[in-house]
Amino acid sequence: TPGVASEVTFKLSNVGQRDAKNIRFEVVNSENVSIVEASNVKRLDIIQGKASQDITMKLRVNSSFKGDSVPIQIKV
């Protein structure tokens with residue numbers, strides 16, 4: 001809902017056999033999406049091979065946004 005902060009969960013999956021270490025996950029702020037009550041960057045020490053980990057962030061869509069979905073740019 002535009003203008004209302006909502007929790008969004010992202011699932012990061014390591015599809016490789018080896019552990020992924022020192023992972024930096026970033027949601028890029030835009031004119032339509034902003035991070036609420038926290039940094040837009042999360043850091044994970046490790047995701048083991050063939051495993052997944054959830055990251056939850058609180059996001060707000062600009063109240064003037066019109067549409068059914070809004071793209072979110074992610075950097076990992």
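When reading the values below, keep in mind they use all heavy atoms of this one structure, side chains included, and skip hydrogens, waters and symmetry mates. Counting begins at 1 with the first residue of the sequence.
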Checklist entry - Sequence neighbours excluded, which residues qualify as ring pair (Phe, Tyr, Trp, His ring centres under 6.0 Å) partners of Phe65? => result none
Next on the checklist: So, taking the atom named NZ in Lys21 and the one named CG in Asp45, what distance separates them when rounded to the nearest 0.5 Å?
Outcome noted: 10.5 Å
Checklist entry - Is a side-chain N or O of Thr1 found less than 3.5 angstrom from the main chain of Val4, in a donor-acceptor match? => result no
Next on the checklist: Less than 4.5 Å apart, side chain to side chain, heavy atoms only: is that true for Leu12 and Leu44?
Outcome noted: yes
Checklist entry - If you measure from CG on Asn29 to CG on Leu59, what distance do you get to the nearest 0.5 Å? => result 9.0 Å
Next on the checklist: If I take atom CZ from residue Arg60 and atom CD1 from residue Ile35, how far apart are they, to the nearest 0.5 angstrom?
Outcome noted: 11.0 Å
Checklist entry - What distance do Asn40 atom CG and Glu26 atom CD have between them, rounded to the nearest 0.5 Å? => result 5.0 Å
Next on the checklist: Is any side-chain heavy atom of Lys11 closer than 4.5 Å to one of Ser13?
Outcome noted: yes
Checklist outcome for this item: So CZ of Arg24 and CZ of Arg43: to nearest 0.5 Å the spacing works out to 5.5 Å
Checklist entry - Checking Asn14 side chain against Ile47 main chain: does a donor-acceptor pair fall under 3.5 Å? => result yes
Next on the checklist: Checking Asn32 now: which residues fulfil side chain to side chain donor-acceptor pair (under 3.5 Å) with it, not counting sequence neighbours?
Outcome noted: none
Checklist entry - Is Lys50 reaching over with its side chain to a backbone N or O of Val15, donor-acceptor style, under 3.5 angstrom? => result yes
Next on the checklist: With side-chain contact (heavy atoms from CB on, under 4.5 Å) as the criterion, how do Lys66 and Ser64 come out once you've worked through the C-alpha distance, each side chain's angles and the decisive distance to 0.1 Å?
Outcome noted: CA-CA 6 Å; Lys66 305 292 185 212; Ser64 64; 5.9 Å; no
Next on the checklist: Please say yes or no: joined through hydrophobic side-chain contacts below 4.5 Å, possibly via intermediate residues, are Val41 and Ile74 part of one cluster?
Outcome noted: no
Checklist outcome for this item: d(Glu37 CD, Glu7 CD) to nearest 0.5 Å is 9.0 Å
Checklist entry - With the 4.5 Å side-chain cut-off for hydrophobic clustering, are Val8 and Val61 part of the same group? => result yes
Checklist outcome for this item: Test side chain to side chain contact (heavy atoms under 4.5 Å, CB included), reference Phe10, set Asp54, Val76, Val27, output is Val27
